[in-house]
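Heads up: the structure comes next, in structure tokens.
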Amino acid sequence: MIDLRSDTVTRPTEAMLESMREATFGDDSRDGDETVSKLEALAAERTGKEAGAFMPSGTMTNLVAMLTHANRGGEVLLEDGSHTLNAELGGIAGVAGLFYRGLPGKRGAMDLDALRETLRPVTRHHMGTALVWMENTHNRAGGAVLPLAYMQSVYGLAREHNVPVHLDGARLFNAAAALGVKSTNIAQHCDSVCFCVSKGLSAPVGSILCGSGPFIERARAHRRMVGGNMRQAGPLAAAGILALETMVDRLPEDHQTAKRLAEGLHRVDPSVCDPKDVETNLVRADVRKSGRRAAQWSADLKAKGVLVAPADSHTLRFVTHRHIGAPDVDTAVGAFAELWKKELPPMNADTRR
Ligand SMILES: Cc1ncc(COP(=O)(O)O)c(C=O)c1O
């Protein structure tokens, strides 16, 4: 099977498995664990923040960030298509007790004028804006990358109103690779940031929330409240350390494979996707013109050995990662082309890589 459903399917490397066997087994919830502390310090360094807290998932780091930044009833401003609004089951309201306002955006970047108009202080009629939220790379916008200048503007606007900014950086290192900058250059435009070692970085489990020392101390209490304190988490942290030390530099390969995939799908039919939109490792394919729904496409591709998840009724989301090479992508495009009932036109010189 060629598994293009997600970069979370990446398996730990042999070196990771070895480091997991040799990790410390301290009770992180009771006395702390040496390996977990080392991962948290490394995460803080990679984001340019004072401290980090290791958690089981990206969803939990986002939830704990909300709980730590904002009091119940406060309003969170974020882009309409953000993962936390669309795929984290309403924890923002149901668990954190926050109002939220999804703002319109382009390629994951909420409109700055809308943000300017919507930021508001506490009055006798409003609880006020409690938090501004960004996502980079942006999942539903097909792995789109927020430019640094844009992030700086959002952070500047929020600061004018003394409102903290959180960055959902589940794929922070993909964003850094695409922008050709260090992860710290991105994370400087927010007060807190989370990222996942469990996505394209091949660790089996884990996300880290980073921020100032006092923020992370408070976040640790909220982590405990939502059941996120782990006991002998050393082996998981050991894999996370190797994820950061050895897996970040290869991410551009996944971006190239995604581009190749997008070019192939575009050759099948230009309505499916525009390779120019592909900045990182996610490719969204619009199958509307085929007259079949994305779920049907997903089932038909599975029968041909290609696993792809529907993103909505007419869109498939392909994700490239360490286990996907150029031949896999070509096979996937071939399967897609057969199902589209159309011969692939021959490659031209500049797409034959
Ligand atoms: C942008 C973004 N944030 C958060 C998450 C949640 O991460 P997890 O699946 O580890 O809870 C995801 C998962 O795909 C994501 O893409």
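When a ligand or atom number is given, it counts from 1 through the structure's own listing order. Keep in mind that this is a model prediction, so the values were computed, not measured.
The ring-ring contact (aromatic ring centres under 6.0 Å, His included) check on Phe195 picks up Phe173, with sequence neighbours excluded. In terms of the side chain to side chain contact (heavy atoms under 4.5 Å, CB included) criterion, residue partners of Ser19 (sequence neighbours excluded) are, by chain and number, Ala238, Leu242. With sequence neighbours excluded, the residues that form a side chain to side chain contact (heavy atoms under 4.5 Å, CB included) with Arg120 are Glu75, Arg101, His126, Thr129.
A salt bridge links Glu40 and Arg220; the closest N-O separation between the charged side-chain nitrogens and carboxylate oxygens is under 4.0 Å.
Protein residues with a heavy atom closer than 4.0 Å to ligand 1 are Ser57, Gly58, Thr59, Asn62, His83, Glu88, Glu135, Asn139, Asp168, Ala170, Arg171, Lys199, listed by chain and number.
No side-chain donor from either of Asn174 and Thr280 sits under 3.5 Å from a side-chain acceptor of the other. A donor and an acceptor atom, one from each side chain of Arg171 and Asn136, are nowhere located under 3.5 Å apart.
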